[in-house]
Amino acid sequence: MVVSRSRAVLKNVAWLTCGALVALLIVYLRRDPQATAAPNTVTGKVEIAAQNNRSGYDPLSLAEIEQAQKIALNEWQSKRGKVVENKAVPADAQLEFVKTERHEEIQAVYNKGTWQRRADVLIFDYAKNSLVAVLVNLSTGKVDLLDQARGSQPHPTDRETLRALQLVLDHPTFGPQLRGEYQALTGKSLTQASQFQTAGFVYIAEPQVDNAAVLRSCQQNRCVQLLLSADNEWAVESTPIVDLSNGLVVSLKR
């Protein structure tokens with residue numbers, strides 16, 4: 001699971017050398033966007049070259065992703081009922097598409113030789129603080145299954161990661177501390193978030209490890225821990241933990 005892999009990476013931060021951590025960040029940041037189908041940091045839309053005539057085991061085309069997301073969003077909005085907007089989250093990020101990919105069918109379906117095109121669409125609803133999983137049948141244009149689960153946390157999108165970093169930089173205490181680290185490492189002033197190379201991972205608090213503030217925020221809420229490097233060379237010691245559900249920086253963990 002993504003959460004398990006993310007936790008494993010974070011647990012190993014203590015013994016990673018500076019060079020190894022930077023290498024990890026570079027590999028992450030250069031990952032193939034088709035492998036994750038994650039929205040970009042500016043538009044929230046998936047940027048994958050459109051390819052037609054997809055079938056069988058082919059990954060979703062851009063057109064299929066957009067179709068699946070539209071169907072999933074319409075279905076969820078028709079069922080979620082009246083909600084109060086989460087004021088800690090930007091208006092255009094209340095419903096975040098966190099993953100859209102081709103649905104893996106059971107072997108018995110594949111054995112038939114042909115099958116319907118279906119897509120798994122994951123939406124994080126910040127107003128309800130819950131993950132919504134929608135199975136969209138692209139062949140029929142309908143939803144085959146919709147499920148909602150609190151406490152389930154998929155990998156953060158690029159847009160969520162950027163928002164987490166900006167919350168840290170805007171924090172009255174942690175922001176100056178992080179800028180100070182950047183200055184000490186590079187000899188330069190930090191003026192914008194893009195000067196960092198940033199990787200974000202889901203963070204779920206553990207009673208044996210985390211303090212009270214982290215435990216309050218990161219057992220049910222959508223929390224992200226950031227790994228930062230500067231100038232593609234220097235690993236930043238601080239690994240901030242941000243509660244995106246409440247727009248709070250809960251720790252500048254080291």
Side-chain angles (χ1 to χ4, degrees), residues 1-12 24 27-40 43-81 95-125 128-161 199-204 220 222 224:
M1 292 180 63
V2 170
V3 170
S4 299
R5 291 199 299 270
S6 300
R7 295 293 291 168
V9 170
L10 295 174
K11 298 241 182 234
N12 289 332
L24 170 64
V27 169
Y28 173 83
L29 293 168
R30 292 178 179 174
R31 68 197 186 283
D32 179 2
Q34 294 200 48
T36 59
N40 71 20
T43 66
K45 295 181 179 179
V46 178
E47 294 185 343
I48 300 174
Q51 298 183 45
N52 298 320
N53 303 319
R54 294 292 182 94
S55 62
Y57 296 104
D58 292 337
L60 299 177
S61 67
L62 176 59
E64 286 177 316
I65 289 172
E66 291 178 343
Q67 179 190 3
Q69 290 180 345
K70 181 179 180 179
I71 293 171
L73 183 61
N74 288 341
E75 182 76 8
W76 175 235
Q77 287 180 324
S78 72
K79 291 189 176 266
R80 72 196 289 240
L95 293 170
E96 183 84 24
F97 288 110
V98 294
K99 194 170 188 179
T100 304
E101 63 182 4
R102 181 181 65 80
H103 179 71
E104 284 291 341
E105 305 289 353
I106 62 173
Q107 189 59 47
V109 173
Y110 292 139
N111 290 342
K112 296 177 181 178
T114 59
W115 52 87
Q116 293 179 320
R117 294 283 284 174
R118 300 204 294 174
D120 290 316
V121 181
L122 298 182
I123 305 170
F124 195 84
D125 188 335
K128 288 181 170 288
N129 202 30
S130 64
L131 180 70
V132 181
V134 188
L135 177 57
V136 176
N137 190 319
L138 294 167
S139 299
T140 64
K142 297 180 179 180
V143 169
D144 288 346
L145 183 67
L146 186 149
D147 193 20
Q148 184 181 1
R150 287 180 58 85
S152 181
Q153 302 292 349
H155 196 80
T157 66
D158 290 346
R159 187 167 70 164
E160 288 177 308
T161 298
F201 299 90
V202 167
Y203 193 88
I204 299 177
Q220 292 295 326
R222 185 145 175 79
V224 172

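The first residue in the sequence is number 1, and the count goes up from there.
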Legend entry - Inter-residue atom distance E64.CD - R117.CZ, 0.5 Å rounding: 4.0 Å

Inset, instruction - With the side chain counted from C-beta on, respond yes when V98 and P156 share a heavy-atom pair under 4.5 Å apart, and no when they do not. - result: no

Legend entry - Pair F124-V132, side chain to side chain contact (heavy atoms under 4.5 Å, CB included): steps then yes or no: CA-CA 6 Å; F124 195 84; V132 181; over 6 Å; no

Inset, instruction - Report the distance from atom CD of Q220 to atom CD1 of I204, rounding to the nearest 0.5 Å. - result: 9.0 Å

Legend entry - Shortest non-hydrogen contact from V109 toward W115: CG1-CB, 3.5 Å

Legend entry - Least distance between heavy atoms, P154 atom then L122 atom: CB-CD1, 4.2 Å

Inset, instruction - Enter the distance from Q69:CD to L95:CG here, rounded to the nearest 0.5 Å. - result: 11.5 Å

Inset, instruction - Report the residues that fulfil side-chain contact (heavy atoms from CB on, under 4.5 Å) with A119, sequence neighbours left out, ordered by chain and then residue number. - result: L60, A68, L138

Inset, instruction - Report the residues that fulfil side-chain hydrogen bond (donor to acceptor under 3.5 Å, both in side chains) with D144, sequence neighbours left out, ordered by chain and then residue number. - result: R118, N137

Legend entry - Atom of Q116, atom of E105 and distance for their closest heavy-atom approach: O-OE2, 4.2 Å

Inset, instruction - Output all residues satisfying side-chain hydrogen bond (donor to acceptor under 3.5 Å, both in side chains) with E75, sequence neighbours left out; order by chain, then residue number. - result: K79

Legend entry - Aromatic ring pairing Y57/Y110, orientation class (parallel under 30°, perpendicular over 60°, tilted between): tilted

Inset, instruction - May I ask you to test the F97-V121 pair for a side-chain heavy-atom distance under 4.5 Å? - result: yes

Inset, instruction - Quick one: pull up CG in D125 and CZ in R222 and give me the separation to the nearest 0.5 Å. - result: 12.0 Å

Inset, instruction - Determine whether R54 and R102 make a side-chain contact, defined as any pair of heavy atoms from C-beta on separated by less than 4.5 Å. - result: no

Legend entry - Reported CD1-to-NE2 distance for the pair I106 and H103, which is rounded to 0.5 angstrom: 8.5 Å

Inset, instruction - Using a 4.5 Å cut-off on heavy atoms from C-beta on, say whether the side chain of W76 contacts that of V143. - result: no

Inset, instruction - Measure the spacing between CD of Q153 and OG of S130 and express it to the nearest 0.5 Å. - result: 9.5 Å

Inset, instruction - Please confirm whether the backbone N or O of I71 pairs with a side-chain atom of N74, one donor and one acceptor, at under 3.5 Å? - result: no

